[in-house]
Undergrad: 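Pasting in a structure now, in structure tokens, and then I'll have a few things to ask.
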Amino acid sequence: MLKLLATIASKPSGALGLGLTLFHLALALLAPWIAPFDPTAQNADTILLAPNASHLMGTDTLGRDVFSRVVYGGRLAIAVTFTAAVIATLWGGFAGIFFGTVGGRVDEYAMRVVDAFLSMPWLLFLLLIISIGGAGPLTIIPTLGFFYGVAVLRVVRGAAMQLAARDFVTAAKARGEALWPILSREMFPNLSDILLVEGAMRWSWMLLAFSSLSFLGFGATPPTPDWGLMVAQERGLLSTAPWGVFWPCLTLSSLIIGINLLADAVGKALGLDRATAVAV
Amino acid sequence: MPSLILRRFGFAAFTIGFVSIVMFAAVEALPGNVCTSFLQRFAQGPRLERCIEQQGLERPAMVRYGDWVAGAVQGDFGYSLKKRKPINELIWERFRNTALLGGLAALLAIPFAIFLGIAAGVRRDRSLDLSLSGAAMLAMTIPEFVTATALIYVFAIVLQWFPAVTIVSPGAGFMQMLPNIVLPVLVLSAVLVAHIMRMMRASVIDVMASDYVQMARLKGVPERQIIWKHVVPNAMIPALNVIALTVAWLLAGVVVVEKVFNYPGLGTLMIQAIFDRDLPLVQAIALIFSVIYVGVNLAADLAALALDPRLRRKGH
């Protein structure tokens, strides 16, 4: 693990990715100690102040401290998308290994359904589900987890198919091992690298998706401090008070870029090339 | 060959059927029904009865699904709860606007991206490639609403070249739309260019390493000719599928971009319908988007089939 981190940090893009990701995680964890003000406290006397000594990033339309809101603003998004990324990687990874190992008819029919799922615009589906189940994390986490899991399944299944043709798997089958020991002892340890990189990559795309949902008004609900929501709320005053929009945009983008660079660097350090992989 | 084409059409039909069933079933699975979800606490007495009668909810689900699909095929998507109008009256102008936006973005982005991808792939790991790949990474990871906000700040507020939000009267012609459409098209194009360029680059690098390109070099074929005659046509085939996949991105992105610019397209209509809990309208728009998406994928499949004789052999 330490060796992996050293390899990642040895390249500038990997070091930047690792640094940005750790920085944002630390910011989210330590938010109560870093933020000078309550991120939801409204104050009629401090509406739309330009950045100054006590309000480093100014204040918003309701007089709330932008710096405090920016510090808190990643918490919900990170928690929601991380949970969803773990769900997606677990179920997509397991199903992918299973279908890749089993092969045959079962695999063929399952892939038809997977392809059908991959060929629908999932954001529209998410919006449909939100319009039925209501906005909020309890709708968004399972939906994101499910849809991104389908994409994980596709990638992992391809890798598992190649692995299943190798001699040591054939040997295990010849020994008469049952399906489960083959999946858990022969297949999984050799695919965990791919799962790790896939999971990290999906996490960054999910952050993009969740913040877009928040921006549209279907993710975080006011008064929760959330970057996507902050941009949506303060956007009307872009010409007079750009600080309310600028900082959440910057932090959100830097987190997504950071995780993306990190996932790329982990993949390269583990010898997996993602250059041709498509973000689905 | 004809059977292959038929199979692609068959899969497209299967996908649309599957999507429509999932979308219909998702609404059926909700507690209550379309009317109670729309009326909320007013869902009682004559109002509820009228709504149930108007939506035909007293019939069994199978019959309603059949009617919904049969209607959709003929361009009749049912009745909007909030706007109290047939849905097809609401969507066609919106559809035209969204098609204009998406079509212009695709028309602009695809050739540009292919060209950039070739340039980057041919000069792999040199400064041009590195800067293009870096820019593509940024365009892919930064959310559309952030890119849009940045463009609005620069071009609408500081420079005041284009309007920040779309202001057109319904039924506006193309020339009236044009200044309003520049910024949204730019935002969508940026994402498209990034994805397609990356794929084209990877594909070009792949082909450059192949034996036949090596052979052409050994024969002394000029580099320019190698690139345009041997590399580019072969690199195009895998890129086609990504172009189709990126259209999915475009469709998802269009919702966000339309919202940022308050553009009168299907995306903003869908968001409004979700806020109004107008499920028939949401379903109709989601179905239209899905059909477009599947259609584009089908077109890419058929184009790949036409370009690559290897795909036409048995076993594919």
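Below, chain A is the first sequence line, B the second, and so on; all start at residue 1.
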Undergrad: Report yes if some heavy atom in the side chain of L261(A) is under 4.5 Å from a heavy atom in the side chain of M137(B); otherwise report no.
TA: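 Side chain of L261(A) against side chain of M137(B), heavy atoms only: contact under 4.5 Å found.
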
Undergrad: OG1 of T15(B) to CZ of R112(A): how many Å apart, nearest 0.5 Å?
TA: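 Rounded to the nearest 0.5 Å, the OG1-CZ separation comes to 9.5 Å.
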
Undergrad: Under 4.5 Å heavy-atom distance to chain B, tell me which part of L128(A) shows up: side chain, backbone, both or neither.
TA: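 Both backbone and side chain of L128(A) come within 4.5 Å of chain B.
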
Undergrad: Sort M270(B) into side chain, backbone, both or neither according to what part of it lies under 4.5 angstrom from a heavy atom of chain A.
TA: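 Side chain only.
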
Undergrad: Would you mind writing out the side-chain donor-acceptor pairs for residues 250-260 of chain B within the sub-3.5 Å range, not counting sequence neighbours?
TA:
| residue | atom | partner | partner atom | Å |
| --- | --- | --- | --- | --- |
| E258(B) | OE1 | G267(B) | N | 2.6 |
| E258(B) | OE1 | T268(B) | N | 3.0 |
| E258(B) | OE2 | T98(B) | OG1 | 2.7 |

Undergrad: How long is the straight-line distance from CZ of R235(A) back to CZ of F145(B), given to the nearest 0.5 Å?
TA: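 Answer for the CZ-CZ pair, F145(B) versus R235(A), is 10.0 Å.
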
Undergrad: Given that the side chain runs from C-beta out, which part of S239(A) has a heavy atom under 4.5 Å from chain B: side chain, backbone, both or neither?
TA: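 For S239(A), heavy atoms of backbone and side chain both lie under 4.5 Å from chain B.
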
Undergrad: Among L126(A), V245(A), L207(A), L252(A), which has the most heavy-atom pairs under 4.5 Å with chain B?
TA: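 The candidate making the most pairs under 4.5 Å is L252(A).
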
Undergrad: Quick check: are there more than 12 heavy atoms from other residues, nucleotides or ligands sitting under 6.0 Å from CZ of F14(B)?
TA: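 Enclosed: over 12 neighbouring heavy atoms sit under 6.0 Å from CZ of F14(B).
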
Undergrad: Taking side chain as C-beta onward, heavy atoms only, is T141(B) less than 4.5 Å from S253(A)?
TA: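 A side-chain contact is absent here, since even the closest heavy-atom pair is not under 4.5 Å.
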
Undergrad: Taking the side chain as C-beta and beyond, is there a heavy-atom pair between T149(B) and F246(A) under 4.5 Å?
TA: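 Not in contact.
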
Undergrad: Measure distances from I274(B) to the heavy atoms of chain A and classify the residue's part below 4.5 Å as side chain, backbone, both or neither.
TA: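 For I274(B), backbone and side chain are both near chain A.
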
Undergrad: To the closest 0.5 Å, what do you measure between CE (M140(B)) and CG (L208(A))?
TA: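 The distance works out to 10.0 Å.
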
Undergrad: Parallel, tilted or perpendicular: which describes the rings of W205(A) and H195(B), with under 30° parallel and over 60° perpendicular?
TA: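 Aromatic pair W205(A)/H195(B) classed tilted.
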
Undergrad: Is the count of non-hydrogen atoms from other residues, nucleotides or ligands lying under 6.0 Å from M111(A) atom CE greater than 12?
TA: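 Atom CE in M111(A) is crowded, with more than 12 foreign heavy atoms closer than 6.0 Å.
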
Undergrad: Could you have a look at S204(A), S13(A), S212(A) and say which one has the most heavy-atom pairs with chain B under 4.5 angstrom?
TA: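 If we count pairs closer than 4.5 Å to chain B, S212(A) comes out on top.
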
Undergrad: Above 12 or not: heavy atoms from other molecules or residues under 6.0 Å from CG of L138(A)?
TA: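 Counting neighbours around CG of L138(A), 12 or fewer heavy atoms of other residues, nucleotides or ligands fall under 6.0 Å, so no.
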
Undergrad: Look at V231(A), I129(A), L213(A) and state which one has the largest set of heavy-atom pairs under 4.5 Å with chain B.
TA: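 Winner by heavy-atom pair count: V231(A).
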
Undergrad: Would the number of heavy atoms belonging to other residues, nucleotides or ligands and lying under 6.0 Å from CH2 of W247(A) be above 12?
TA: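 Count not over threshold, so no.
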
Undergrad: Closest approach of V113(A) and F18(B), non-hydrogen atoms and distance?
TA: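 Result for this residue pair: CG1-CZ, 3.9 Å.
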
Undergrad: Using side-chain heavy atoms (C-beta onward) and a distance below 4.5 Å, is I152(B) in contact with L238(A)?
TA: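 In contact.
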
Undergrad: So which part of P242(A) gets closer than 4.5 Å to some heavy atom of chain B, the side chain, the backbone, both or neither?
TA: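 For P242(A), side-chain heavy atoms alone lie under 4.5 Å from chain B.
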
Undergrad: Side chain, backbone, both or neither: which part of I142(B) has a non-hydrogen atom closer than 4.5 Å to chain A?
TA: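 Looking at I142(B), backbone and side chain both touch chain A.
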
Undergrad: Check each atom of I259(A) against the heavy atoms of chain B and say whether the ones under 4.5 Å are side chain, backbone, both or neither.
TA: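 Contact with chain B involves no heavy atom of I259(A) at all.
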
Undergrad: With chain A as the partner, which of D276(B), I292(B), I271(B), I285(B) has the greatest number of non-hydrogen pairs under 4.5 Å?
TA: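 Going by pairs under 4.5 Å, I would pick I271(B).
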
Undergrad: Atom CZ in F275(B), atom CZ in F218(A): separation rounded to 0.5 Å?
TA: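 Spacing of CZ (F275(B)) from CZ (F218(A)) equals 4.0 Å.
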
Undergrad: I257(A) versus L138(B): any side-chain heavy-atom pair under 4.5 Å?
TA: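 SC-SC contact between I257(A) and L138(B) confirmed.
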
Undergrad: Would one find more than 12 heavy atoms of other residues, nucleotides or ligands at under 6.0 Å from atom CD of E108(A)?
TA: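 Result for CD/E108(A): enclosed.
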
Undergrad: Does Y65(B) have more than 12 heavy atoms from other residues, nucleotides or ligands lying within 6.0 Å of its OH?
TA: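 Yes, enclosed.
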
